[in-house]
Amino acid sequence: MSSLQPVRGTHDLLPEESRRHRWVEEAAFAAARRYGFGEVMTPIFEFTEVFARTLGETSDVVTKEMYTFADRSGESITLRPEGTAGVARAFISGGLAQSLPLKLFYRGPMFRHERPQKGRLRQFHQVGVELLGVESPLADIEVIALAWRVLSELGLAGKVRLEINTLGDAESREAYRNTLTAYLSQFRLSLSEDSRNRLERNPLRILDSKDEGDKRIVEGAPVMTDSLTPAAREFFQTVTNGLGMLGIPFIINPRLVRGLDYYCHTAFEFTTTSLGAQGTVLAGGRYDELIATMGGPRTPGIGWAAGVERLSMLVDEPPAAVRPVAVIPMGDELAAMHVAERLRRAGQTVEMGFSGNMKKRMARANKANARFAVILGEEEAQRRAVTIRDLDGGSQEEVPLASLEEHLGRLL
RNA sequence: GCGGGUGUAGCUCAGUUGGUUAGAGCGCCAGUUUGUGGUACUGGAUGUCGUCGGUUCGAUUCCGAUCACUCGCCCCA
C-alpha cells in the first residue's frame, strides 16, 4: 500500500461511481423542482456557533463529531455536519423572511468525525429540502410526498419503509418527557448503562435503545400520543390522513425520535434493512422554533435530508452513459482531430485516442463502448470520404466527408 | 470514543506447518492478423506479502506495536 492514503473516512469517486452518485442527486433535484423547490448553495463551513447552538449542546454531533478548527484569524470554524443549520443561517442573514414561503433544495458534502462503517463516512453527501414559513400540516404532507417521489423514482419504493411519529408541540413534549421520565425512573437500575445516562440528558432516546433489556422496559412505557395536546393531536392526524390520501404507505412508530434537538411535531424516517447497522436512508421533521432560537424571526420549517452514498448502495444501475463515436485516424492525426472537433460541435460525444495503430484504436473504441467508429483511411481520403463502421453489427459503409455529421445524426 | 475480523500483483483471492526463484483467475501488454474491435489461441510484465520493531542462523509466515480497511456498539444520512 502506498503511504499516500486518503484521509480516513473519505473517498475518491471515480467516473463510474460518480455517475451513480450524480444520478441519485439529479433524480432528487429533478423531483424537487417539480414540487417548486429551488437550489440553495450555502458554504460548507460556518462559524462553529451556528451548529453548536442549533443542534443541541448535548447531541452527539456537537459533542464528539464536529470537524472544528481555528482559521488564521482565530475564528472557530466547523465543517458542516448537516444542512439545515446553514440554510437557517442563510435565511436569517439574507433577510429572506420577506419571501415566504420558501422552498429550498440543497446537496453537497457533510462532515462528521465518526468511526467509518458501512454507509457511514467522515465526508459524505446529502441531498435535502427545507420548506420554510408554513405552519400548516399541508407542508409536512408535501415534503414527505416529495421524499416518497424521490425514492420511488430511484426504484426504492419496495426497499424502504416510512416510519412516522409526532413529537408534539413544546407543551406536549414537556408533558411527555415528565411522564416518561417518571416511568423509566422506576426501572433505573435495570436499564443499560447507556440508557441510565440518557435518562437525564435525553430520555426520549431510550425509546430507541437496541439493548434487549431496555426494549422490554420500553414496551410498557407510556406513549407520546397520550400526552399530546388536542392541537398537536389534530396536526398529526391531518398529516397521516394526507399521506393516506396520497397513497403513501407508512407506519406509525411511537418510539421514533430524532437525534437533533430542534425537531417538533412530525418526525419521519425512511429505513431499509439492506444496509447493515445504518438503516436510515432519508429522515427529517418539523422544526418550528429553530430559526427563532438562532435569533431570527420565528419561522416554522420542515425538511429532510438523505444520504447519497446510502441511496447509491441501494439503487440498481443508473441509466447507461451516452455511447461515443470513435474517430480512428490512419495517417493524418491532425486532420482526424479536426473531424472529431466537427462532430463535437455538432453535438456528438466523440472519443479519439492519442496514439496507437488501427487495431489498438479499434480495441480502445470497443472498450469505450463506442457505437460507431469513423475510420479516416488514406484510400477514402482520396475520394474525400470516410468509413463509418457499426461496432454492434459489424457492417460498414463509406460516406462523403462533407456529409458525415448528417449521416451520423441519422444513424444515432 | 469502545469491541471483533482482515491486510499477499491494478482487482478478487490462494499459499508458505519459519528455508533459497511467492501463485491462480480477471485485467494489462504483445503476437496469431502491418486497413478493422468485441470471441479464440499463444506468449509476456507486475509484488519492499500494509508499516515499524522483536524472537530466530534465517520471518511474507511466530510475537508486539502502529496504520488502513471492514463489521458491530454509541449515534446518525
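A, B, ... follow the sequence lines: proteins, then strands. Residue 1 opens every chain.
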Side chain of [X] (C-beta onward), nearest among [options]:
| X | options | value |
| --- | --- | --- |
| A/K367 | B/G1, B/C29, B/G37 | B/C29 |
| A/R112 | B/G35, B/C76, B/C75 | B/C76 |
| A/R115 | B/G35, B/C76, B/G1 | B/G1 |
| A/P116 | B/U70, B/U36, B/A77 | B/U70 |
| A/R310 | B/C74, B/A68, B/A77 | B/A77 |
| A/K359 | B/U32, B/C76, B/G38 | B/U32 |
| A/R120 | B/C71, B/G35, B/C74 | B/C74 |
| A/M358 | B/C76, B/U36, B/A30 | B/U36 |
| A/E380 | B/A77, B/C29, B/G35 | B/G35 |
| A/K118 | B/G37, B/C69, B/C71 | B/C71 |

Which part of the nucleic acid, if any, lies within reach of [X] when heavy atoms closer than 4.0 Å are counted: base, sugar-phosphate only, or nothing?
| X | answer |
| --- | --- |
| A/D392 | base |
| A/G393 | nothing |
| A/A365 | nothing |
| A/L282 | sugar-phosphate |
| A/G128 | nothing |
| A/I375 | base |
| A/E269 | nothing |
| A/L121 | base |

Identify, between A/R364 and A/E309, the residue whose nearest nucleotide on RNA chain B lies closer to the 5' end.
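Its nearest nucleotide being more 5', the pick is A/R364.
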In whole angstroms, how far is the [atom2] atom of [N] from the [atom1] atom of [X]?
| X | N | atom1 | atom2 | value |
| --- | --- | --- | --- | --- |
| A/N369 | B/G37 | CG | C1' | 12 Å |
| A/H125 | B/C76 | NE2 | P | 22 Å |
| A/L256 | B/A77 | CG | C1' | 14 Å |

Kindly indicate, with the supporting measurements, whether the criterion side chain to side chain contact (heavy atoms under 4.5 Å, CB included) is fulfilled by A/Y176 and A/L167.
CA-CA 9 Å; A/Y176 180 57; A/L167 305 172; over 6 Å; no
When you measure from the centre of the six-membered ring of A/F124, is the NZ or CZ of A/R122 closer than 6.0 Å and no more than 45° off the axis?
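A/R122 over A/F124 ring: no.
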Report the base-pairing partner of [N] (Watson-Crick or G-U wobble, both distances below 3.5 angstrom), or none.
| N | result |
| --- | --- |
| B/U12 | B/A24 |
| B/U39 | none |
| B/C69 | B/G5 |
| B/C57 | B/G19 |
| B/G64 | B/C52 |

We want to know whether [X] and [Y] form a side-chain donor-acceptor pair, criterion being a heavy-atom distance below 3.5 angstrom.
| X | Y | answer |
| --- | --- | --- |
| A/T387 | A/E397 | no |
| A/T271 | A/T280 | no |
| A/H11 | A/Q123 | no |

Taking the same atom, C1', in B/A14 and in B/C2, what whole-Å distance lies between them?
34 Å
Ignoring hydrogens and angles, tell me if any N or O in the side chain of A/T272 forms a donor-acceptor pair with the backbone of A/V160 under 3.5 Å.
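Pair absent, no side-chain N/O of A/T272 close to backbone of A/V160.
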Between B/G38 and A/N366, counting only base atoms on the nucleotide and side-chain atoms on the residue, is there a donor-acceptor pair under 3.5 Å?
no
Would you kindly check whether a donor in the side chain of A/R361 faces an acceptor in the base of B/G37, or vice versa, at under 3.5 angstrom?
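There is none.
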Looking at A/F235 and A/E135, what are the two nearest heavy atoms and their distance?
CE1-O, 3.4 Å
